[in-house]
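So the structure is just underneath, and the comments pick up after that.
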Amino acid sequence: MSSIPEIKLNDGLTLPTVGFGTYKLNGNAGANAINSAIDTGYRLIDTAYNYENEGTVGKAIQRASVPREELRVASKLPGRYHSYDKAVTTIQESLYRAGLDYYDLYLIHWPNPKQDIYVEAWQALIDAKKWGLIRSIGVCNFLPEHMERLEKETGTKPSMNQIELHPFFNQEEQRIWHEEKNIQTQSWSPLARASEVIENETIGSIADAHNKTITQVILRWHYQLGSIPIPKSSSPERQLENISIFDFSLSDEEMGRIAELTRPDGRIKDQDPATYEEF
């Protein structure tokens with residue numbers, strides 16, 4: 001088992017600096033993969049209502065080799081349930097699906113600005129936290145103006161914003177804003193398109209210099225940026241590889257070379273939070 005360093009969110013909850021993504025891990029095979037990750041040392045498990053695998057995550061937690069209180073389990077509210085009453089019910093349903101009494105972290109999956117009711121959803125998360133259903137509340141894919149509005153209208157700012165972040169789309173301006181506001185950055189799709197990353201000569205040369213894999217260099221890059229990546233793998237060997245990143249460091253020059261790989265059109269699916277709608 002590998003030990004992962006922890007950070008503290010602005011509301012006091014501690015989280016590991018690398019988590020485990022579960023998108024498309026379903027059924028018994030998915031639960032087995034999650035159990036393998038827990039056995040390997042992962043303690044932050046990321047799911048979502050729309051992944052349709054909260055039950056799988058819950059089953060894995062029931063079978064887990066560690067107590068529930070040692071884990072940090074996160075899920076997310078889908079866009080079709082942003083209205084206050086629907087959001088409250090959906091949070092409860094998320095817990096029922098997983099067989100859990102609480103989520104450590106619950107996030108609004110997308111702002112859906114055309115609907116313009118994400119503040120209602122946020123108020124539901126605030127209340128669910130007061131009721132003990134959630135320990136920490138945050139968002140995904142929110143732009144600074146969305147988060148500023150949340151704080152202005154409710155008095156509560158997110159503990160985290162999970163955003164698309166990888167070497168081809170490094171979100172520098174948004175990360176700086178998060179740091180100034182004491183909001184934790186988390187990276188989804190931290191490895192971008194695997195086929196493209198594996199062939200990248202810049203990252204490959206850095207990996208060779210450290211006798212590490214390209215994947216390990218990228219995840220170390222996230223760690224040194226101060227963001228929490230959530231890589232997914234059903235392979236025990238790859239799971240261990242993905243958290244074996246704390247025995248080396250990237251130099252400022254190497255971090256800079258990776259930073260130069262970013263590009264304006266670097267999003268994987270062109271999902272711009274200013275316009276994208278998720279339901």
Side-chain angles (χ1 to χ4, degrees), residues 6-23 43-51 54 57 71-79 81-82 84 87-88 90-92 94-95 98 100 102-113 117-165 171 174-190 222 225-230 271 273 276 278:
E6 293 187 336
I7 53 91
K8 185 177 287 188
L9 302 182
N10 61 27
D11 57 10
L13 182 71
T14 58
L15 289 181
T17 49
V18 178
F20 185 71
T22 66
Y23 180 55
R43 294 294 179 264
L44 170 59
I45 310 298
D46 179 86
T47 183
Y49 192 96
N50 271 356
Y51 296 173
E54 289 170 317
V57 170
L71 299 173
R72 300 290 182 264
V73 187
S75 195
K76 311 179 192 77
L77 179 77
Y81 298 135
H82 274 193
Y84 179 85
V88 168
T90 302
I91 293 165
Q92 296 167 339
S94 275
L95 289 167
L100 297 175
Y102 65 92
Y103 276 107
D104 299 278
L105 186 64
Y106 206 83
L107 315 173
I108 301 175
H109 211 153
W110 287 84
N112 284 24
I117 50 174
Y118 58 84
V119 177
E120 275 193 49
W122 186 240
Q123 188 60 58
L125 266 64
I126 292 171
D127 290 345
K129 183 180 179 183
K130 291 177 182 175
W131 302 331
L133 303 181
I134 306 168
R135 296 180 67 194
S136 183
I137 56 176
V139 294
C140 303
N141 307 298
F142 273 50
L143 298 174
E145 56 263 36
H146 301 142
M147 290 178 281
E148 286 175 339
R149 184 177 171 197
L150 292 182
E151 185 173 16
K152 180 180 179 181
E153 296 191 22
T154 69
T156 301
K157 68 180 178 182
S159 63
M160 169 187 287
N161 188 18
Q162 185 186 113
I163 58 175
E164 179 177 359
L165 203 169
Q171 297 264 37
Q174 178 113 15
R175 287 188 287 104
I176 292 171
W177 189 89
H178 288 167
E179 189 171 351
E180 291 173 349
K181 300 295 182 180
N182 192 23
I183 295 171
Q184 177 62 44
T185 303
Q186 190 174 50
S187 310
W188 63 261
S189 284
H222 285 277
L225 288 180
S227 187
I228 299 174
I230 45 173
Q271 295 172 324
Y276 180 74
E278 178 257 13

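Here, residue 1 is the first one in the sequence, and each next residue gets the next number. For clarity, every value in this text was computed on a predicted model and none was experimentally measured.
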ask   = CH2 of W188 to NE2 of H109: how many Å apart, nearest 0.5 Å?
value = 8.0 Å

task = Kindly state each residue pair satisfying salt bridge (charged side-chain N to carboxylate O under 4.0 Å, His left out) with at least one member in residues 134-148, sequence neighbours excluded.
result = D104-R135

ask   = Which atom names give the shortest non-hydrogen contact between I91 and A124, and what distance separates them?
value = CD1-O, 4.1 Å

ask   = Aromatic rings F142 and H146: how do their planes relate, parallel, tilted or perpendicular, breaks at 30° and 60°?
value = perpendicular

ask   = Do N161 side-chain atoms and I163 backbone N/O form a donor-acceptor pair below 3.5 Å?
value = no

Counterpart residues, ring-ring contact (aromatic ring centres under 6.0 Å, His included), relative to Y102 (two or more places apart) = none

query = With sequence neighbours excluded, what pairs up with F20 under the ring-ring contact (aromatic ring centres under 6.0 Å, His included) test?
reply = Y42

Close side-chain approach of Y106 and L95, heavy atoms under 4.5 Å = no

Side-chain donor/acceptor of D11 to backbone N/O of S136, under 3.5 Å = no

key: salt bridge (Lys or Arg N to Asp or Glu O under 4.0 Å) partners of K157, counting only residues at least two apart   = none

inquiry  = Checking side-chain polar atoms at under 3.5 Å, does N141 have a donor or acceptor matched by the opposite partner on Y276?
reply    = no

ask   = Between the main-chain N or O of T185 and the side-chain N or O of S227, is there a donor-acceptor pair closer than 3.5 Å?
value = yes

request  = Work out which heavy atom in K8 is nearest to a heavy atom in G12; give both atom names and the distance.
outcome  = CG-O, 3.6 Å

task = Check salt bridge (Lys or Arg N to Asp or Glu O under 4.0 Å) between E153 and all other residues, then give those that pass, not counting sequence neighbours.
result = R149

task = Kindly compute the distance separating OG1 (T156) from CG (L150), expressed to the nearest 0.5 Å.
result = 9.5 Å

ask   = Is there a donor-acceptor pair under 3.5 Å between the side chain of T47 and the backbone N or O of S75?
value = no

message = Whether the side chain of Y103 engages the backbone of S94 through a donor-acceptor N/O pair (distance < 3.5 Å, no angle test) should be reported.
response = yes

task = Give the C-alpha distance, both sets of side-chain angles, the deciding distance and a yes or no for side chain to side chain contact (heavy atoms under 4.5 Å, CB included) between L107 and L77.
result = CA-CA 6 Å; L107 315 173; L77 179 77; over 6 Å; no

ask   = Got a second to check how far S187's OG is from I228's CD1, nearest 0.5 Å?
value = 8.5 Å

query = Is it true that a side-chain atom of N112 and a backbone atom of E278 form a donor plus acceptor pair closer than 3.5 Å?
reply = yes

task = Rounded to the nearest 0.5 Å, what's the gap from CG on L143 to CD on Q174? Could you check?
result = 6.0 Å

query = Do the side chain of H222 and the main chain of P190 share a donor and acceptor less than 3.5 angstrom apart?
reply = yes

message = To the nearest 0.5 Å, what is the distance between CG on L125 and CG on L105?
response = 9.5 Å

inquiry  = The test is side chain to side chain contact (heavy atoms under 4.5 Å, CB included); show your working for D127 and V88 and say whether it passes.
reply    = CA-CA 8 Å; D127 290 345; V88 168; 5.7 Å; no

query = Do we see a donor-acceptor contact under 3.5 Å between the side chains of T154 and Q123?
reply = no

message = Parallel, tilted or perpendicular, judged at 30° and 60°: which one describes the rings of Y23 and Y51?
response = tilted

ask   = For Y81, what residues pass the side chain to side chain donor-acceptor pair (under 3.5 Å) criterion, not counting sequence neighbours?
value = none

query = Backbone N or O of V139 within a donor-acceptor pair of the W122 side chain at under 3.5 Å?
reply = no

remark   = dist I7:CD1 -> Q184:CD (nearest 0.5 Å) comes out at 4.0 Å

message = Checking the side chain of H82 only, and the main-chain atoms of W110 only, is there a donor and an acceptor separated by less than 3.5 Å?
response = yes

ask   = Does atom CD of Q271 have more than 12 heavy-atom neighbours, drawn from other residues, nucleotides or ligands, at distances under 6.0 Å?
value = yes

request  = With the side chain counted from C-beta on, respond yes when K76 and Q162 share a heavy-atom pair under 4.5 Å apart, and no when they do not.
outcome  = yes

